[in-house]
Amino acid sequence: MNVQECIFCKITKREIPSKIVYENSLNLAFLDISPISTGHTIVIPKNHYSTLEDIPDHELTELYKVVKKTAMMIHKKLQIDGYNILQNNFAAAGQVVKHFHVHIIPRNFDDDKFRIKIPRTPADEADLHNVLKKMEF
Ligand code: 5GP
Ligand code: ZN
């Protein structure tokens with residue numbers, strides 16, 4: 001991805017407008033242009049990194065402090081019942097904008113826009129055993 005063409009880099013540089021919720025030296029939080037729910041906010045590092053695997057640990061730590069601060073502000077000020085933190089990595093997981101970002105998605109008990117209904121079945125003991133054997137650092 002050419003950083004010059006990155007939409008979130010352009011937002012950071014004020015080359016395109018956005019509704020900025022919070023800003024510090026490393027991070028920016030702004031309203032999502034196509035919100036899943038009212039107050040849907042995107043938090044980004046100002047530096048361009050594609051995915052979780054690219055952002056340095058220090059910047060990730062600083063970014064999640066902003067995620068927490070912003071989520072708590074939204075929880076209180078918009079009087080929502082809860083929120084989802086969503087972070088997509090790579091196209092297969094639904095990542096469209098290739099600049100690392102965290103979604104804060106406000107939720108209410110009576111909302112119907114963003115119901116996560118993922119079919120889940122208890123795993124076979126042998127399958128868990130086999131996958132765990134592959135998962136080594
Ligand atoms: P992804 O699917 O990559 O995790 O999510 C990207 C998010 O960025 C989407 O929710 C989309 O609505 C939002 N988005 C894309 N372009 C813009 C833009 O130009 N401005 C703002 N504020 N949000 C954007
Ligand atoms: Zn970027």
Side-chain angles (χ1 to χ4, degrees):
M1 152 67 65
N2 183 347
V3 174
Q4 312 285 45
E5 292 163 10
C6 171
I7 198 91
F8 287 176
C9 283
K10 286 183 178 172
I11 285 176
T12 299
K13 290 184 274 178
R14 305 318 204 254
E15 287 173 11
I16 61 167
S18 70
K19 298 273 188 290
I20 293 174
V21 176
Y22 179 80
E23 178 172 23
N24 65 19
S25 59
L26 285 173
N27 303 112
L28 195 64
F30 53 90
L31 294 180
D32 195 296
I33 205 166
S34 306
I36 291 172
S37 58
T38 303
H40 180 171
T41 298
I42 300 285
V43 184
I44 62 168
K46 288 183 173 177
N47 294 326
H48 181 95
Y49 305 110
S50 296
T51 72
L52 179 67
E53 299 180 17
D54 305 301
I55 184 169
D57 290 354
H58 165 70
E59 289 196 42
L60 185 64
T61 303
E62 292 305 310
L63 180 130
Y64 264 94
K65 287 184 193 171
V66 174
V67 170
K68 179 179 178 182
K69 182 186 178 87
T70 306
M72 289 174 70
M73 179 277 290
I74 291 170
H75 190 186
K76 188 172 162 193
K77 296 288 178 68
L78 298 189
Q79 299 183 321
I80 52 171
D81 297 325
Y83 45 86
N84 291 100
I85 301 297
L86 178 67
Q87 203 276 296
N88 300 326
N89 296 283
F90 303 103
Q95 182 178 11
V96 174
V97 178
K98 290 173 179 48
H99 180 129
F100 177 86
H101 57 278
V102 174
H103 297 256
I104 302 170
I105 304 167
R107 301 296 308 277
N108 285 302
F109 284 116
D110 61 357
D111 63 30
D112 56 2
K113 285 205 173 157
F114 187 59
R115 285 271 156 238
I116 303 176
K117 286 198 182 121
I118 302 170
R120 290 154 63 103
T121 42
D124 183 77
E125 174 62 28
D127 289 344
L128 288 177
H129 178 78
N130 288 336
V131 75
L132 184 61
K133 278 208 301 193
K134 287 187 195 167
M135 293 168 68
E136 287 176 357
F137 287 101

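Starting from 1, each residue takes its place in the sequence as its number. Atoms within each ligand, like the ligands themselves, are counted from 1 in listed order.
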For this session: Count the heavy atoms of every other residue, nucleotide or ligand shown that sit under 6.0 Å from CD of E53, and state whether that count exceeds 12.
Result: no
Problem set entry | K65 and E59 ion-paired at < 4.0 Å | no
Exercise. With a 4.0 Å cut-off, would you call E23 and K46 a salt bridge?
Worked result: yes
Exercise. Closest N/O/S atom of H48 to the Zn ion (ligand 2), by atom name?
Worked result: ND1
For this session: Could you pull out the atom name of the N/O/S atom in H99 that is nearest the Zn ion (ligand 2)?
Result: ND1
Exercise. Do L78 and V21 share a hydrophobic cluster, counting only Ile, Leu, Val, Met, Phe, Trp and Tyr and linking them when any side-chain heavy atoms are less than 4.5 Å apart?
Worked result: yes
Seminar exercise, completed: Tightest non-hydrogen contact, residues S37 and P106, listed as OG-O, 2.7 Å
Exercise. Between F30 and I44, is any pair of side-chain heavy atoms under 4.5 Å apart?
Worked result: yes
For this session: Write out the protein residues near ligand 1, meaning a non-hydrogen atom under 4.0 Å from one of its atoms, in order of chain and number.
Result: I7, F8, I11, I16, F30, L31, D32, I33, S34, N88, G94, Q95, V96, V97, H101, H103
Exercise. Can you name the residues that form a salt bridge (Lys or Arg N to Asp or Glu O under 4.0 Å) with K69, not counting sequence neighbours?
Worked result: none
